[in-house]
Amino acid sequence: MQECESVRELLWAYCDGSLEVEAREHVARHLAGCAACAREHRRAAATLHALGNLERIEPAGDFLDRLWRRIDEREAARGLGRLLPVLAWIRANRSVVVAGALAFFIALVGVRYGLDGVRGHGEPGVDVAGEGASGAPLRPAPDGGYRDDYILRGIPETLPVAEGFGLRTGDSIETRFMTRDLVPPVPYSNDYIQPVVQPVAGDGDAF
Amino acid sequence: MLRTGQGDRGAFDEIVRRYTSRMVNVAYQMTGDRDLAEDVAQETFYRAYRSAASYKRIAKFSTWLYTIAINLCRNELRRRKHRFYSLEEMAERDEEASVRIDIEDETAKPDRRVEQKELGRLIMRAIDRLPEKFKQPLVLRDVEGLSYEETGEILNLPEGTVKSRINRARQRVKEMIEPYIDDSFIGGS
């Protein structure tokens, strides 16, 4: 009886093959001669067999699609979630944010007009021919002419057309002209300017 | 997984295809609810995806996935239990369950030969009635076929504890299904 008890304690390990060789042989010998333990062994083995062969369920066909939807939605929500502390801070410090934005806007406007002022007055004798309003070089168009509006800023020392408008050499002007009238291969020349002349500095009486 | 961490969605598709069935089934055995099992499996993969960028290979990948799934099952079952039942209600529910089993006992004669499929159902019910600490190692080892070592890693338990819990769980399952199986069935298995 005592041996039966010790064998039954080892039955599960015997069934799943995790017993050491010596213990396994001992259990096998006992089972061969003990009908009650052999019956217990068969029941244990049947239980393990049934556990290992349970019917498995099949995942739904759209499992992967649903998973990607879940991932995309959650990741989007997490991205928004990261912004929430920032938004909360903005709400709590509204006056600081508004003042900052205003200062930034004023600085932006100041820089923009400040630069224009510098450009508009220019330096006497500076040849800005061939430069557009943005400072970029004139670009030849496919049809051989030049396209775009350009503003010349500077002192037109040799600008005959400007003289036709009553400007004197040395006057500061801003000239807008259509460069499509400039025809290669003749390089850019002030002679080709079709000016809309506005004085930006100097003697306004010239007009 | 490293490729997934670098944004390769195709690599993650492969992982999901390879492990979906295992994750869904382990969750099904743990919860006994098919919809919940799919939900747990989805959440398992989502957590894995989120950790992909920081993933370091310190354990077998499947072991890591199983760990996530088992923890999610545990949390989900506890959450549901707390949501739906007070302690008193749970006691009543257990009583009802035992009455239900007794009634079923009458219809299913102890000497009746049970077909393999029906035996599967009985075992499912037996597993469902096991306490969580016995159910988890039993499902991982005997249903999913993992080693004792892997089971211990997943449950963060020493191997000795795992073996002892599994044997106790097996014993309880055997006792629950014994009335339904006769010797001729056992002999034939």
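Proteins come first, then strands; the chains are lettered A, B, ... in the order of their sequence lines, and each starts at number 1. Model, not experiment: these values are computed from the prediction.
With hydrogens and angles left out, the side-chain atoms of Glu75(A) and Tyr46(B) include a donor and acceptor closer than 3.5 Å.
Distance check: Leu64(A) CG to Asp13(B) CG gives 4.5 Å after rounding to the nearest 0.5 Å. One finds the CD1 atom of Ile166(B) at 8.0 Å from the CG atom of Asp16(A) (value rounded to the nearest 0.5 Å). For the atom pair Gln171(B) CD and Leu11(A) CG, the distance stands at 9.0 Å (nearest 0.5 Å). Taking CZ of Arg141(B) as the start and OG of Ser18(A) as the end, the distance is 6.5 Å to the nearest 0.5 Å. In this structure, the separation between CE on Met124(B) and CG on Leu51(A) is 11.0 Å, given to the nearest 0.5 Å.
Side-chain contact between Glu40(A) and Lys174(B) is present, with heavy atoms from C-beta onward closer than 4.5 Å. A heavy-atom distance below 4.5 Å is found between the side chains of Ile71(A) and Phe12(B).
Only the side chain of Leu54(A) comes within less than 4.5 Å of a heavy atom of chain B; its backbone N, CA, C and O stay farther away. Looking at Ala41(B), both its backbone and its side chain come within 4.5 Å of chain A, counting heavy atoms on both sides. The parts of Arg22(B) that come within reach of chain A are both its backbone and its side chain, each placing non-hydrogen atoms under 4.5 angstrom from that chain. If you measure heavy-atom distances from Leu138(B) to chain A, the contacts under 4.5 Å come from the side chain alone. At a 4.5 Å heavy-atom cutoff, the contact between Gln29(B) and chain A is made by side-chain atoms alone. Within the 4.5 angstrom heavy-atom criterion, only side-chain atoms of Val16(B), from C-beta onward, approach chain A.
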Check against ring pair (Phe, Tyr, Trp, His ring centres under 6.0 Å), Trp68(A) and Tyr49(B):
CA-CA 10 Å; Trp68(A) 278 118; Tyr49(B) 180 83; 5.4 Å; yes
For a side chain to side chain contact (heavy atoms under 4.5 Å, CB included) check, start with the C-alpha distance between Gln42(B) and Arg69(A), then their side-chain angles and the critical distance, and finish with the verdict.
CA-CA 10 Å; Gln42(B) 291 243 331; Arg69(A) 273 203 299 278; over 6 Å; no
Full working for salt bridge (Lys or Arg N to Asp or Glu O under 4.0 Å) between Arg43(A) and Glu175(B)
CA-CA 10 Å; Arg43(A) 290 187 172 213; Glu175(B) 285 163 9; over 6 Å; no
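In this structure, the side chain of Glu38(B) does not engage the main chain of Phe63(A) through any donor-acceptor pair within 3.5 Å. Not a single donor-acceptor pair under 3.5 Å links the side chain of Asn167(B) to the backbone N or O of Trp12(A).
The residues Glu144(B) and Arg56(A) are annotated as salt-bridged, a charged nitrogen and a carboxylate oxygen being separated by less than 4.0 angstrom. Look at Asp39(B) and Arg70(A) and you find a salt bridge, because one of the NZ, NE, NH1 or NH2 atoms lies within 4.0 Å of a carboxylate O, short of that distance. The pair Arg34(B)-Glu58(A) fails the salt-bridge criterion, with no side-chain N (NZ, NE, NH1 or NH2) lying under 4.0 Å from an Asp/Glu carboxylate O.
Residues Thr47(A) and Val173(B) come closest through the heavy atom pair CG2-CG1, 3.9 Å.
Within a 6.0 Å sphere centred on CD of Glu132(B), other residues, nucleotides and ligands contribute more than 12 heavy atoms. Counting non-hydrogen atoms of other residues, nucleotides and ligands closer than 6.0 Å to CZ of Arg168(B) gives a total of 12 or fewer.
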